[in-house]
J.: 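One structure, as structure tokens, below. Some questions next.
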Amino acid sequence: MSALTFPALPPSEPQGADLLAHERSRTTFSVHDLSNYLYGEEYLERQEKMLALIENEPAFDKSNRYFLGRTERIAGALRKDYALVKLSQEQKWTPEEFLQADILIDEPGPFGLHRGMFMPTLASQGTEEQIEKFLKPAMRYEIIGCYAQTELGHGSNVQGIETTATYIPETDEFEIHTPFLTASKWWIGGLGKAANHAVVMARLITAGKDYGPHAFVVPIRSMEDHTLLKGVMAGDIGPKFGYNTTDNGCMWFDHYRCPRISLLAKYSSIKPGSGEYVKPPNSKLSYGTMVLIRASLVGYARIGLAKAATIATRYSAIRRQFVDKDSPKMMGNQVIETPVLDYSMQQYRLFPIIAAAYACHFTSKEMMRLYYLNMKNMASGNFSLLADVHASSSGLKSLTTTMAAASIEECRRACGGHGFSSFSAFPLMLQDYAPNVTWEGDNYMITQQTGRYLFKSFRDLVAKRASGKFSASAITNPTLAYLNTYLDNPNLKCPVTSAAQFHNPEIQLAAYGHRAAHMVAEIVHALDVQKRTWNSMLVEIYNASVAHCQLILVQNFILGIRGEMTQPEGVAAPLLSDTAKAALTDLSDLFALHMIHKQPGEFLTSGYLDAKQISMMGQAIMDVMEQKIRPNAVGFVDAFAFPDYYLNSALGRYDGKVYEAYTEMATREPINQTEVVEGYEKYIKPFTNPFGKKGDTIQARL
């Protein structure tokens, strides 16, 4: 029993529940209808059923999550992963249902890379024989795998990895070897203690020739007692900034032998005996898993943005500070302190984050549609979408995860001092989200892939236009469309003369398209005409990728609200009510205008906007926040449909009982279970009562 107790709340003051009820009464749309639009009725009903199962399973209990050390958390995560797999098998969940449950539990675990990288790699790069041998047992968790690509000395530069896989024709085997310390595999999730197999990226060498990195399925631990196999050394890399429920590991090989079937050979292979290398029909075929993960990360960015915004918005509607003399807040006949959410600065901090979460929702759906369409096309030999999907997924991964990481911290700070408490959920949320900006390609490095595609597309377009055989009507690629529009009129000017006109989505799209195309054109000129080096242009290349991907986000947000996004084959477009459409349009306006207003330089230098228009845009932003978005703010975050179990935050509770939950959590702090702290006799008492006699204190002596 805790030694800590608290008094009651003041009875005359409006409580959190009253304040949130007041907020919800102002919402202009049906929250339930908007949730249905985002997820579908089936998803929401399934969530309710899953919660009933999950909240009653001790392995998924979150009540002590903020009090545990790493050793306890790793043990708990193993227990959680085991229980989740068993529950999934009992309930016969589909992969989509499993993912939904995993998101609710919201804790990285040792089996995460087994599902997230190991199995998708086997599925996309394995032959039918390898799928039978490796993937099907992995789906039953008879083998547990990880994805070992990153090395101590090489991360983003996959072509620079040093681990070797040399074909031995005499025995029809590969010899996996770690030649140097820097070739040690590092940061591999699940490798530290859990995995018994690994997909190892190693340089394929046959007949003395190095063919670069290829994927090999390698057993690393005994299937009988989980000890490391001969020739393999592996372990955990230690505590990290976050993700401490995952056993990120290191591994090195000492002339380790594995059979030829270990090479994932759907696209490239080795002929037995001769060692002849059979190259893939397209060098980028192995990008499939990478594109899937990067496209998926856009969706996870949406979740991170939405979760942080939900907590900060609800708390800001409850937290009151000062009385606004110009516009005192009334509840009934009583003047109350102003809710923090009524202050324009708080709105400017939080409302664009709510808008960004919705923007990422639409782009995430589009990226996953394009990924599956591209995989279907590639299966029939059509690679026309691959370059665009790879470039867009790279740039969007960089942009959206950067946005989400920054926004989680902004929401934490927007909650004042209480945001610093673990009970707010922000510290652990930020720690566990932070790796997203680094893994699957450092966020600054991978934008070069987007840049290369944009510059090539621009050069090709200029050449086609110069040939005299170009037809604008033949353009189906949206990237080429905005570049072509720019080439038609590189001196285009924005026609806006009033703040209200900035709410026109066509003006917004024109601004983003002109700015992005201008940046691409300037970089191509610098590289091709001025002969600038690639390295000297990296800042501009990064900014061009951001500009391109911001256009994608704005465009998909607008098309999504209009119901004009292309749907996956056989899927009907969801219906959006008129009131919800109007409310989302306000958010879309804010999303587009806020990004311009926050960083106007590139829009000004492109020549499309001028300083006076930027000033008018600021007024348009303040008007839409105060008049349109403020009444709907709590409704917007409620529509994300995050249950309290998922949020695990005292500040973000749906019922508004913030202070009751916060203080109750404090009573569960382990050091509050005794009145006198352990160590008092040794470390405090000698100063305050040096002779150990009752009443013999420094004060008494004085």
Side-chain angles (χ1 to χ4, degrees), residues 291 295 298 359 362-367 369-371 373-374 377 382-396 399 447 449-495 504-525 541 543-567 573 588 591-592 595-596 602-603 606-609:
V291 170
V298 178
F362 291 108
T363 291
S364 171
K365 289 181 66 175
E366 175 63 4
M367 287 308 300
R369 183 191 72 83
L370 288 173
Y371 165 76
L373 178 60
N374 176 59
N377 288 352
N382 178 357
F383 301 101
S384 59
L385 266 179
L386 179 58
D388 190 80
V389 173
H390 176 247
S392 296
S393 67
S394 298
L396 284 166
L399 175 60
T447 56
Q449 298 169 17
T450 311
R452 286 190 181 93
Y453 171 72
L454 292 174
F455 310 147
K456 182 180 184 301
S457 297
F458 186 80
R459 293 184 184 106
D460 291 347
L461 185 58
V462 170
K464 286 179 181 177
R465 288 170 63 101
S467 70
K469 300 178 181 179
F470 174 75
S471 170
S473 62
I475 293 179
T476 57
N477 185 316
T479 301
L480 295 179
Y482 81 78
L483 293 176
N484 188 60
T485 299
Y486 173 82
L487 288 171
D488 283 341
N489 187 0
N491 297 314
L492 187 67
K493 304 294 182 184
C494 177
N504 181 343
E506 301 308 321
I507 293 292
Q508 297 164 12
L509 289 171
Y512 277 93
H514 191 86
R515 169 250 204 155
H518 175 80
M519 294 171 73
V520 170
E522 289 289 297
I523 294 170
V524 170
H525 179 79
I541 292 167
N543 291 336
S545 173
V546 170
H548 171 71
C549 292
Q550 285 180 341
L551 171 60
I552 292 174
L553 287 170
V554 171
Q555 184 170 263
N556 286 334
F557 203 163
I558 292 169
L559 293 177
I561 295 170
R562 290 175 175 173
E564 296 176 6
M565 289 183 70
T566 304
Q567 298 298 312
S588 175
F591 180 71
M595 286 193 298
I596 299 174
E602 293 158 359
F603 294 90
S606 75
Y608 185 75
L609 292 170

J.: For A359 versus L553, what's the shortest heavy-atom pair and its separation?
T.: O-CD2, 4.1 Å
J.: Name all residues meeting the side chain to side chain donor-acceptor pair (under 3.5 Å) criterion together with D488; count only those two or more places apart in sequence or in a different chain, and write none if there are none.
T.: R465
J.: Before giving the answer on side chain to side chain contact (heavy atoms under 4.5 Å, CB included), spell out for L492 and Y486 the whole-Å C-alpha distance, their side-chain angles and the decisive distance to 0.1 Å.
T.: CA-CA 8 Å; L492 187 67; Y486 173 82; over 6 Å; no
J.: Report the distance from atom CG of L370 to atom CG of D388, rounding to the nearest 0.5 Å.
T.: 7.5 Å
J.: So how far is it from K493 NZ to S606 OG, rounded to the nearest 0.5 Å?
T.: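 One gets 8.0 Å once the value is rounded to the nearest 0.5 Å.
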J.: Measure the spacing between CD1 of I596 and CZ of R515 and express it to the nearest 0.5 Å.
T.: 8.0 Å
J.: Please check this pair: side chain of Y512 against backbone of A592, looking for a donor-acceptor N/O pair closer than 3.5 Å.
T.: yes
J.: Closest approach of F362 and N556, non-hydrogen atoms and distance?
T.: CB-O, 3.6 Å
J.: What residues form a side chain to side chain donor-acceptor pair (under 3.5 Å) with N382, not counting sequence neighbours?
T.: S384
J.: Any non-hydrogen side-chain atom of N374 less than 4.5 Å from a side-chain atom of V291?
T.: no
J.: Can you list the residues that meet the side-chain contact (heavy atoms from CB on, under 4.5 Å) rule with T450, with sequence neighbours excluded?
T.: S394, L454, S545, H548
J.: Can you tell me if S392 uses its side chain to pair, donor with acceptor, with the backbone of V389 under 3.5 Å?
T.: no
J.: Quick one: closest heavy-atom pair of L396 and M367, and the distance?
T.: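 Heavy-atom minimum between the residues: CD1-SD, 3.6 Å.
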J.: What is the distance from atom CG of L385 to atom OH of Y371, rounded to the nearest 0.5 Å?
T.: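 Those atoms lie 13.0 Å apart.
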J.: Can you list every pair that meets salt bridge (charged side-chain N to carboxylate O under 4.0 Å, His left out) and has a residue in residues 549-563, with sequence neighbours left out?
T.: E506-R562, R562-E564
J.: Can you tell me how far the CD atom of Q508 sits from the CG atom of L551, to the nearest 0.5 Å?
T.: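 Answer rounded to 0.5 Å: 11.5 Å.
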J.: To the nearest 0.5 angstrom, please state how far the CZ atom of F458 sits from the CD atom of E522.
T.: 9.5 Å
J.: Identify the two heavy atoms, one from T447 and one from I541, that lie closest to each other, and give their separation to 0.1 Å.
T.: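 In terms of heavy atoms, the two residues are closest at O-CG2, 4.1 Å.
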J.: Taking all atoms of both residues into account, what is the closest heavy-atom pair of I561 and S588, and its distance?
T.: CD1-CB, 3.6 Å
J.: Checking K456 now: which residues fulfil side chain to side chain donor-acceptor pair (under 3.5 Å) with it, not counting sequence neighbours?
T.: D460
J.: Closest approach of C549 and G395, non-hydrogen atoms and distance?
T.: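 What the structure gives for the nearest pair is SG-C, 3.3 Å.
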J.: My understanding is that only residues two or more places apart in sequence, or in another chain, count here; which of them pass side chain to side chain donor-acceptor pair (under 3.5 Å) with Y608?
T.: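 Once residues adjacent in sequence are excluded, Y608 has no partner under the side chain to side chain donor-acceptor pair (under 3.5 Å) criterion.
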J.: Could you check V554 against M595 for side chain to side chain contact (heavy atoms under 4.5 Å, CB included), going step by step and ending with a plain yes or no?
T.: CA-CA 10 Å; V554 171; M595 286 193 298; 3.8 Å; yes
